[in-house]
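Right, one structure below, let's go through it.
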Number of protein chains: 2
Amino acid sequence: MRDIDIAEAARLSGVRASTLRFYEEKGLIASHGRRGLRRMFDPAVLDRLALIALGRAAGFSLDEIARMFAPDGRPRIDRRMLAAKAEELERTIRKLNAMRDGLRHAAACPAPSHMECPTFRRLLRAAASGAIGERKTRRPPRKSFAATGREQGRARGS
Amino acid sequence: MRDIDIAEAARLSGVRASTLRFYEEKGLIASHGRRGLRRMFDPAVLDRLALIALGRAAGFSLDEIARMFAPDGRPRIDRRMLAAKAEELERTIRKLNAMRDGLRHAAACPAPSHMECPTFRRLLRAAASGAIGERKTRRPPRKSFAATGREQGRARGS
DNA sequence: CTGCCAGTTCAAGTTAACTTGAGGTCAAGG
DNA sequence: CCTTGACCTCAAGTTAACTTGAACTGGCAG
């Protein structure tokens, strides 16, 4: 097997075809040519996609990830960058630990109202002072279809 | 001192005036009347803002936070929701721990290329399989000004 | 040969949480 | 009385990472 088409790449990687096109446009991946109109990908794109998924999971933005590939496409990952991101994760983890403990306490606290629970109020002060905050978690915006991750095969409307 | 104006509320809470207006529009806070055009806030809004900051730090969306206040404005925080969020944080923390360890290893790994490091490749597989992913951290989008968090006092343009 | 259907392009839409800008108002100070 | 400046409203812009829609194309099965 030489090249794979976009549907195959999507199937094998779990990344949607529309995302693959988006990634290509962004320069994160490259198609290896066309058969007619259709992109053909080198199977190595799957490694690349795994690398991208890893970067995303580690909290890198797509732009940061793009910068981790040399112009020739070879991954040139700076070890210091990895270490820095590890430290960043470390800090995040610490905050989340504190938050989790606080939430657990608040959930179990017998005080009649949360406002009367000292632990809750301490958490509150920490949050208000910004000692904890600056975290934003986006949930995946997939709003429709229980599809398994592929684009639906429904083109050319009315 | 009875009521505070928006600038005072911003100063005391560290939340921008524009954000306060936004929160009011969203129903997260309420102004207690107007002096002329200007909103006046009950100082209790500061507690409310702290609560909101706490919720945000814990990973709740503004909409979720809004739902934590009864229609009358009293906080009605479901302990089960807190516990659930704590569990969610727990899962996130575990993933981040794995990611941090992997990054640290990769940063220290003596293999000539990351692709030849077994640990790195293991991480890669985990990310590709989605066992780690689904995390998205947004950095604060404040793109301009080193201001301390207040709106600049510069109105009426040309 | 014909038509289907998966693929294509490009622009625009989505979401969250705000921010920014334009243009307007009003209370107080000089 | 008139200016000033902080506040007001409302609409539109921002960012990231995609998704969706409309209109189109072309390889291949029949």
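Order of the sequence lines fixes the chain letters, A, B, ..., with proteins taken first and strands second; residue numbering starts at 1 for each chain.
Nearest to the side-chain atoms of A:L62 among the listed nucleotides D:dA17, C:dA17, C:dC18 stands D:dA17. Across D:dC8, D:dT20, C:dA17, the shortest atom-to-atom separation from the side chain of A:S18 is found for D:dT20.
Between A:Y23 and the phosphate of D:dA17, there is no side-chain N or O to OP1/OP2 separation shorter than 4.0 Å. In terms of phosphate contacts, B:R16 brings no side-chain nitrogen or oxygen within less than 4.0 Å of OP1 or OP2 of D:dC7.
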Quick one: which protein N/O atoms are closer than 3.5 Å to N/O atoms of nucleotides 9-12 of chain C? Pair and distance per line, please.
{"unit_1": "C:dT9", "atom_1": "OP1", "unit_2": "A:R34", "atom_2": "NH2", "d": "3.0"}
{"unit_1": "C:dT9", "atom_1": "OP1", "unit_2": "A:R39", "atom_2": "NH2", "d": "3.4"}
{"unit_1": "C:dT9", "atom_1": "OP2", "unit_2": "A:R39", "atom_2": "NH1", "d": "3.0"}
{"unit_1": "C:dT9", "atom_1": "OP2", "unit_2": "A:R39", "atom_2": "NH2", "d": "2.7"}

Tell me which donor-acceptor pairs under 3.5 Å the side chains of residues 27-37 of chain A have, and how far apart each pair is, sequence neighbours excluded?
{"unit_1": "A:S31", "atom_1": "OG", "unit_2": "A:E24", "atom_2": "OE2", "d": "2.4"}
{"unit_1": "A:H32", "atom_1": "ND1", "unit_2": "A:D3", "atom_2": "OD2", "d": "3.0"}
{"unit_1": "A:R34", "atom_1": "NH1", "unit_2": "A:L37", "atom_2": "O", "d": "2.6"}

List the atom pairs, with distances to 0.1 Å, where a side-chain N or O of residues 107-126 of chain B and a protein N or O form a donor-acceptor pair under 3.5 Å, not counting sequence neighbours.
{"unit_1": "B:S113", "atom_1": "OG", "unit_2": "B:M115", "atom_2": "N", "d": "3.0"}
{"unit_1": "B:T119", "atom_1": "OG1", "unit_2": "B:H105", "atom_2": "NE2", "d": "3.3"}
{"unit_1": "B:R121", "atom_1": "NH1", "unit_2": "B:M115", "atom_2": "O", "d": "3.4"}

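Checked against salt bridge (charged side-chain N to carboxylate O under 4.0 Å, His left out), B:R94 has the following partners two or more places apart in sequence or in another chain: B:E90. Take A:D101 and apply the side-chain contact (heavy atoms from CB on, under 4.5 Å) test, not counting sequence neighbours, and it matches no residue. The side-chain contact (heavy atoms from CB on, under 4.5 Å) check on A:R38 picks up nothing, with sequence neighbours excluded.
With A:F22 as the aromatic partner, A:R16 does not meet the cation-pi criteria of under 6.0 angstrom to the ring centre and within 45 degrees of the ring axis.
Contact of B:R38 with D:dA6 (side chain to base): a donor-acceptor pair of N or O atoms is detected under 3.5 Å.
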